[in-house]
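Everything on this sheet refers to the single structure shown next.
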Amino acid sequence: MAGRGGGRGRRMMTFSVEAVGINRGDSLPPSIQQPTPLFPVMEQKPLPLTVGEEEEYLLALKQEFRGAMKSLPCFIQPAAAHRDVERYSDKYHSTEQTDALTDWTPDWKRLPKELRVKKPSRGGVSAAVSRSDKLQSGQKKKKVKEKEEVLLKLETLQKKEEGQSSEDEEEEGEEKKKKQEEEEAEGEEEYDEEEFEEETDYVMSYFDNGEEFGGDSDDNMDEAIY
Amino acid sequence: MTAQEVRLCGLLLREHFGEVVEKVGTHLLKGGAQNLRTIIHETGISLDLVKKSLCVLVQHGACVFRSGRKGAGSPAEYQTCCDRILRILRYPRYIYTAKTLYGDTGELIIEELLQRGHMTMSGTIKTVADRLTQNMEEGRSMDYSEVSSAFFRLVETHFLQRCPPLAGAEPKDSSTPAAPAPPGTPAAPVSTAPPTPESFPDCYKVPHVTLVGRGKRQLASEDGEDQRNAKKAKMDSQTHGDEGICWQVNFERFHLHFRDQAIISAVANKLDQTSSEIVRTMLRMSEVTTSPTATCTKPLSANEIFRSLPTSYNIPRPILDQYLTLLIDDPMEFVGKAGESGGGMYVVNMHRALANLARATLESVVQERFGSRSARIFRLLLRKRHLEQKQVEDFAMIPAKEAKDMLYTLLSQNLVQLQEIPKTPDYAPSRTFYLYTVNQLPTARMLLQNCYKTVANLVERRLFESKESKRLLEKSQRIEAILASLQASGAEPEQLTEVEEMITAPEKQQLDALRLHINKLDSAENQVDETIFLLESYINSTASTS
């Protein structure tokens, strides 16, 4: 009721224009017909960052911290790592990453019971738990037996290649090698990932995917089994 | 939890813990307390991964769990809070402070604890000793006792604290608390707020640990052997007498330290070095006697201050009195007078100092975004509280048209508010006063949210830049690795230059530009975090008093 009397003209607003300061005859700024631009032009440029020894040290600390976190067991990556092109070496590379420091046991007393992961999963959180868990010893023996089978196969292949000139020597050597491999197998049980169940003929650390310069590792292939 | 905070927390979790933890964490932030099944069902991630993520989050203190609300026997509920995750931005500052106060050993202890969340004392000492030994010359190694003494000092000054034992969280665990003397609350009902670590009396008690030895140097050998050595070192897990007692970094103590530093540097900037030394002495004297949320320190007499001043400054007694008078009269009100006994009793006003520092931050924000005249209007409104349009123009001595323009810009950015005071019960426009005003606390909250948004944008831009040049980065990393291996095996310079030329000149330029951008973005995040700290401290201090 109060506003109707004064608002005959087209310029009617809910508040008194004089009080806010728009006098008669002043031109209002043009009304905006579209959303404001995404990156509006800034009249004032921002100040430059402070540079100094302390800032550089803080920067270095931050980047190192980030890098270190990426290699810790806390950094959980989903199992599938996408590469732009599938490469033959992918089969062999994935174990190297999961090995490094995955034996991290949280203090289970501080966590609710339902979070305990018992089976040795690929992430390897409980790899250390399985080490001390006696239930796993049965699995260990199975895996050692599988390994022995694979190694036996290897021996026979080697025999065929190198000829059977010194059979006796080889048999003795075989037994020694078996024992050595058993010890190695126990020491290498942390490498018990699914890769070994895939019957690889080559030992992990000797694999070279040809991407390194100076690919002279081909010579080691025949002597890879020690 | 505002949208900006959740977004920033998600990005921080992604960078430090991976995408799986990010999904679980943001889901918990948005949804409140949930149990395991709900999380699995709603995020669609597999059971194993969700369990691992929750372990990681609890380990780092980002998530707390308690027994379900539906009574005993219902599954545990997990809850995440933004604050702890946002602290990740401040980690470099914590590590640097530890370095300035306690040297390299202290720095590494804090860094290890921040990386792992919480660890036992013996574990920390061993890892830190090993790391220090790595960097020393051949044949020398770091003794565990040196690292232990640094650890003790950190606990003494409360920079490290024990993780609170889980009394009442898991009903089955109540019989085996980690700390020797459990506090008297095992039979109490589950309280709604999680107990702070400080509510337990053994918070800062160092356990008796038998730890004798020196750091082990990791031999540079084949990777396989290296890992086997590391595993053997873990196999011989001797018990050191402190199993189950975990330590974590006490962020609140670091924050008190930062606050003190901010006050001292403000005094140094406004007055001079000597006054800042006096304020530093006063703050040092009241470190242990003042509670963290106190409005001001306990009163200190001028005689005490005089005795505790560092002798290198050689300030005679009358000069000290003059400086104190100057500090009291300063409009920033850092120091106040509380009485006349003992030569004058003086206090440092914490809350007022924080409020003034926040006000200076707000003013500088307005100045940098809108110009010095708008800043003048803003300061005027802060001082005079409520002013009409005409009065603003008069007091600020700015022509009417421009003052109007600036006021409307500030109003549209919500830095300035309009208050209506009606003369008549119907708010008739011609008969109402319209007053402009600035409220410091809401404006500070708004700017804090802007800061969170800024940091989130910086992080996203940095991730975008790295993703764009991913191939180039990978190529350069590979070439560096090749170079390193060649140099280690003693190659000729021609081979090295041949390898270096695999990166063409424009690629090198691109790499340099990329590095520069990433460094700038990272540095900007650090500096925005300083503003975040100031505003947060101010908001928390006013929230606790009001």
Side-chain angles (χ1 to χ4, degrees), chain A residues 1-3 6 13-16 18-22 43-44 46-47 49-51 54-59 61-63 65-66 68-70 72 74-78 96 99-101 103 106-107 109-117 121 123 125 128 131 187-188 190 204-205 211-214, chain B residues 15-21 36 48-49 51-56 58-60 65 75-76 91-93 95-96 111 114-115 163 166 170 173 176 178 222-224 227-228 231 234 244 246 368-371 389 400 404 426 428-430 432 434 478 482 485-486 499 519-520 522-524 526-527:
Chain A
M1 194 168 89
M13 272 164 249
T14 50
F15 51 91
S16 158
E18 286 100 30
V20 194
I22 309 175
E43 296 96 26
Q44 322 265 346
L47 289 172
L49 297 171
T50 41
V51 275
E54 186 181 329
E55 278 79 23
E56 282 179 24
Y57 194 75
L58 284 173
L59 175 67
L61 277 176
K62 185 179 170 115
Q63 290 178 336
F65 191 85
R66 251 208 318 265
M69 289 299 276
K70 286 205 156 65
L72 280 181
C74 310
F75 197 90
I76 299 177
Q77 269 161 347
E96 291 170 19
D99 277 344
L101 289 157
D103 37 341
D107 186 1
K109 289 198 212 106
R110 302 191 66 90
L111 294 169
K113 281 199 178 167
E114 60 183 3
L115 289 185
R116 200 182 283 246
V117 180
S121 55
V125 164
R131 232 195 287 139
E188 279 188 334
E190 293 302 317
M204 281 303 308
S205 47
E211 283 185 350
E212 274 188 18
F213 195 76
Chain B
E15 287 219 289
H16 291 92
F17 300 111
E19 291 186 357
V20 182
V21 179
L36 185 59
D48 269 345
L49 285 177
K51 281 190 185 175
K52 265 188 257 174
S53 318
L54 286 172
C55 285
V56 168
V58 174
Q59 169 90 7
H60 281 82
F65 63 91
Y91 282 1
R93 214 168 153 195
I95 302 174
Y96 182 68
E111 196 178 335
L114 286 173
Q115 278 179 1
C163 301
L166 299 169
E170 276 268 312
D173 268 343
T176 54
E222 284 273 323
D223 272 357
Q227 291 183 28
R228 232 173 284 148
K231 270 163 229 149
K234 279 171 191 129
C246 295
E368 293 307 322
R369 279 177 71 182
F370 301 106
Q389 166 91 34
K404 208 173 19 168
D426 60 342
S430 53
T432 319
Y434 293 95
R478 249 182 290 144
I482 295 172
S485 66
L486 273 184
V499 171
N519 285 350
K520 257 202 181 155
D522 264 330
S523 201
N526 283 342
Q527 294 183 22

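Please read all numbers here as calculations on a predicted model, not as lab measurements. Proteins get letters first, then strands, A, B, ... in listed order; numbering begins at 1 in each.
A distance of 9.0 Å separates CG in L114(B) from CE in M69(A), rounded to the nearest 0.5 Å. In this structure, the separation between SG on C74(A) and CD on Q115(B) is 8.5 Å, given to the nearest 0.5 Å. Between the CD atom of Q527(B) and the OG1 atom of T50(A) there is a distance of 3.0 Å, given to the nearest 0.5 Å.
No more than 12 heavy atoms of other residues, nucleotides or ligands shown are found within 6.0 angstrom of CD on E19(B).
Under the ring pair (Phe, Tyr, Trp, His ring centres under 6.0 Å) criterion, F370(B) pairs with no residue at all, not counting sequence neighbours. With sequence neighbours excluded, the residues that form a side chain to side chain contact (heavy atoms under 4.5 Å, CB included) with Q63(A) are L59(A), R66(A), I518(B), N519(B), D522(B).
Of the two parts of F17(B), the backbone and the side chain both hold a non-hydrogen atom closer than 4.5 Å to a non-hydrogen atom of chain A. With a 4.5 Å cut-off on non-hydrogen atoms, K70(A) touches chain B through its side chain but not through its backbone.
The minimum heavy-atom distance between V20(B) and I76(A), with the atom names listed, is CG2-O, 4.1 Å. When all heavy atoms of F75(A) and E15(B) are compared, the pair lying nearest together is CE1-O, 3.6 Å. Of all heavy-atom pairs between I95(B) and F65(A), the closest is CD1-CD1, 4.2 Å.
In this structure, Q44(A) and R369(B) have side chains that are not in contact, with every pair of non-hydrogen atoms separated by 4.5 Å or more.
Each of P92(B), A400(B), S523(B), A524(B) has some count of heavy-atom pairs under 4.5 Å with chain A, and the biggest count is that of P92(B).
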Practice task
Check the pair N526(B), E55(A) against side chain to side chain contact (heavy atoms under 4.5 Å, CB included), reporting the backbone distance first and the verdict last.
Solution key: CA-CA 8 Å; N526(B) 283 342; E55(A) 278 79 23; over 6 Å; no
